[in-house]
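Since the structure comes first, as structure tokens, the remarks are kept for the end.
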Amino acid sequence: MSGDPHDFDLGSLRLSAGEGQRIELHVALSPLELGLERYQPDPARVPAMLEISCMNGGGYALRIRLQAALRGPCMRCLQEAAPLMTVDAREVDRPSSGEELSSPYVDGDTLHIDAWANDAFVLALPAQIVCREDCAGLCPICAIDLNEAGPEHAHEPELDPRWAKLRELKLD
């Protein structure tokens, strides 16, 4: 690792073409703001497995794997949620092979590992952060937590005001 904790010096590994190395390290994940709510990665520094392979003709094939929870309010019922996210991301950086094979996280022999881990973590997030998969959410009428209220919770259906005059008709 270089002096900056956000960067990893790939050149210091001195890999020759076809060689690879597996390294255990810790990466820093940043808090997120989703739907005006703040979510914290738990833990903030996550153990990760970095796999690096030196390709023939120069460049690197990279893989990072990590797991972290994301703590914050459930998007359905607002109770505490902490779903566990699993990240398995890959990058290829082959400098002279065009834009498709150039990684934004590799600059020369420097891998910006925290930036890559953060982006991969965000891409692994589900569409909704929920406390549990079957969360029923809040009642749209009275805002009670439907997980606690149970299936017997109900309200009288609200009558459509556009049909109010028809209810006044007396048919014999």
Side-chain angles (χ1 to χ4, degrees), residues 1-10 21-52 60-93 99-107 110-164:
M1 275 254 213
S2 68
D4 186 355
H6 304 288
D7 294 337
F8 185 88
D9 184 8
L10 297 168
Q21 194 163 355
R22 195 175 278 165
I23 300 165
E24 291 182 31
L25 44 75
H26 285 78
V27 294
L29 297 176
S30 301
L32 303 171
E33 192 168 305
L34 303 169
L36 301 177
E37 295 290 345
R38 195 155 176 84
Y39 294 86
Q40 282 294 128
D42 186 20
R45 290 198 61 80
V46 180
M49 177 63 70
L50 177 64
E51 296 176 15
I52 304 161
Y60 299 97
L62 306 163
R63 180 180 188 187
I64 190 168
R65 290 181 285 167
L66 60 97
Q67 238 183 6
L70 189 63
R71 291 201 178 282
C74 173
M75 291 181 171
R76 293 182 190 159
C77 70
L78 302 177
Q79 297 297 320
E80 179 73 17
L84 188 63
M85 306 294 147
T86 301
V87 175
D88 188 351
R90 298 171 190 263
E91 282 288 319
V92 172
D93 185 66
E99 193 175 303
E100 294 87 25
L101 295 177
S102 178
S103 173
Y105 307 108
V106 178
D107 184 17
T110 302
L111 171 62
H112 304 291
I113 192 158
D114 283 354
W116 180 28
N118 267 299
D119 289 352
F121 186 69
V122 169
L123 289 173
L125 293 177
Q128 287 190 339
I129 307 298
V130 292
C131 58
R132 61 182 202 237
E133 286 300 315
D134 64 342
C135 177
L138 300 175
C139 175
I141 296 170
C142 66
I144 192 170
D145 187 348
L146 294 174
N147 297 311
E148 296 171 5
E152 64 278 350
H153 179 79
H155 295 277
E156 287 292 320
E158 198 172 302
L159 300 174
D160 190 335
R162 296 173 293 179
W163 299 98

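Atoms considered below: every heavy atom in the structure, side chains included; atoms not considered: hydrogens, waters and symmetry mates.
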Hey, does [Y] have a side-chain heavy atom less than 4.5 Å from the side chain of [X]?
| X | Y | answer |
| --- | --- | --- |
| Leu66 | Met49 | no |
| Pro73 | Tyr39 | yes |
| Val106 | Leu62 | yes |
| Leu78 | Asp145 | no |
| Asp42 | Gln40 | no |

Task: Within 6.0 Å of CD in Glu33, more than 12 heavy atoms from elsewhere - done: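 More than 12 within 6.0 Å, yes.
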TODO: Answer yes or no: are there more than 12 heavy-atom neighbours, outside Glu133 itself, under 6.0 Å from its atom CD?
DONE: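 No, not enclosed.
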Task: CA sep, side-chain torsions, deciding dist, call: Trp116, Ile64, side-chain contact (heavy atoms from CB on, under 4.5 Å) - done: CA-CA 9 Å; Trp116 180 28; Ile64 190 168; 3.7 Å; yes
List the atom of [X], the atom of [Y], and the distance in Å for their closest heavy-atom pair.
| X | Y | answer |
| --- | --- | --- |
| Leu146 | Cys139 | CG-N, 3.7 Å |
| Ala68 | Leu29 | CB-CD1, 3.9 Å |
| Cys77 | Cys74 | N-SG, 3.5 Å |
| Leu84 | Ala69 | CD1-N, 3.8 Å |
| Glu91 | Pro104 | OE1-CD, 3.9 Å |

Open item on the list: Using a strict threshold of under 4.0 Å (side-chain N to carboxylate O), is an ion pair present between Glu51 and Arg65?
Closed with: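 So Arg65 pairs with Glu51 through a salt bridge.
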For the atom pair [atom1] ([X]) and [atom2] ([Y]), what is the distance rounded to the nearest 0.5 Å?
| X | Y | atom1 | atom2 | value |
| --- | --- | --- | --- | --- |
| Arg90 | Asp88 | CZ | CG | 5.5 Å |
| Ile129 | Arg76 | CD1 | CZ | 11.0 Å |
| Gln67 | Met85 | CD | CE | 10.5 Å |
| Ile113 | Asp7 | CD1 | CG | 9.5 Å |
| Leu25 | Arg45 | CG | CZ | 9.0 Å |
| Met75 | Cys135 | CE | SG | 12.0 Å |

Open item on the list: The test is side-chain contact (heavy atoms from CB on, under 4.5 Å); show your working for Leu111 and Asp9 and say whether it passes.
Closed with: CA-CA 6 Å; Leu111 171 62; Asp9 184 8; over 6 Å; no
Using a 3.5 Å cut-off and no angle test, enumerate the donor-acceptor pairs between side-chain atoms of residues 117-125 and protein atoms at least two apart in sequence or in another chain.
{"from": "Asn118", "atom 1": "OD1", "to": "Ser30", "atom 2": "N", "distance (Å)": "2.8"}
{"from": "Asn118", "atom 1": "ND2", "to": "Ala28", "atom 2": "O", "distance (Å)": "3.2"}
{"from": "Asn118", "atom 1": "ND2", "to": "Asp114", "atom 2": "O", "distance (Å)": "3.1"}
{"from": "Asp119", "atom 1": "OD2", "to": "Tyr105", "atom 2": "OH", "distance (Å)": "2.5"}

Open item on the list: Apply side-chain contact (heavy atoms from CB on, under 4.5 Å) to residues His112 and Asp107 and explain how you reach the verdict.
Closed with: CA-CA 8 Å; His112 304 291; Asp107 184 17; 3.6 Å; yes
Open item on the list: Using the rule given for side-chain contact (heavy atoms from CB on, under 4.5 Å), can you reason through Ile52 versus Ile23, listing the C-alpha separation, both sets of side-chain angles and the distance that settles it, and then say yes or no?
Closed with: CA-CA 8 Å; Ile52 304 161; Ile23 300 165; 3.9 Å; yes
Can you give the donor-acceptor pairs under 3.5 Å from side chains of residues 150-160 to other protein atoms, not counting sequence neighbours?
{"from": "His153", "atom 1": "NE2", "to": "His155", "atom 2": "NE2", "distance (Å)": "3.1"}
{"from": "Asp160", "atom 1": "OD1", "to": "Arg162", "atom 2": "N", "distance (Å)": "3.0"}
{"from": "Asp160", "atom 1": "OD1", "to": "Arg162", "atom 2": "NE", "distance (Å)": "3.0"}
{"from": "Asp160", "atom 1": "OD2", "to": "Arg162", "atom 2": "NE", "distance (Å)": "3.1"}
{"from": "Asp160", "atom 1": "OD2", "to": "Arg162", "atom 2": "NH2", "distance (Å)": "2.5"}

Task: Sequence-distant partners of Arg132, side-chain hydrogen bond (donor to acceptor under 3.5 Å, both in side chains), two or more places apart - done: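 So Arg132 forms a side-chain hydrogen bond (donor to acceptor under 3.5 Å, both in side chains) with Asp134, Asn147.
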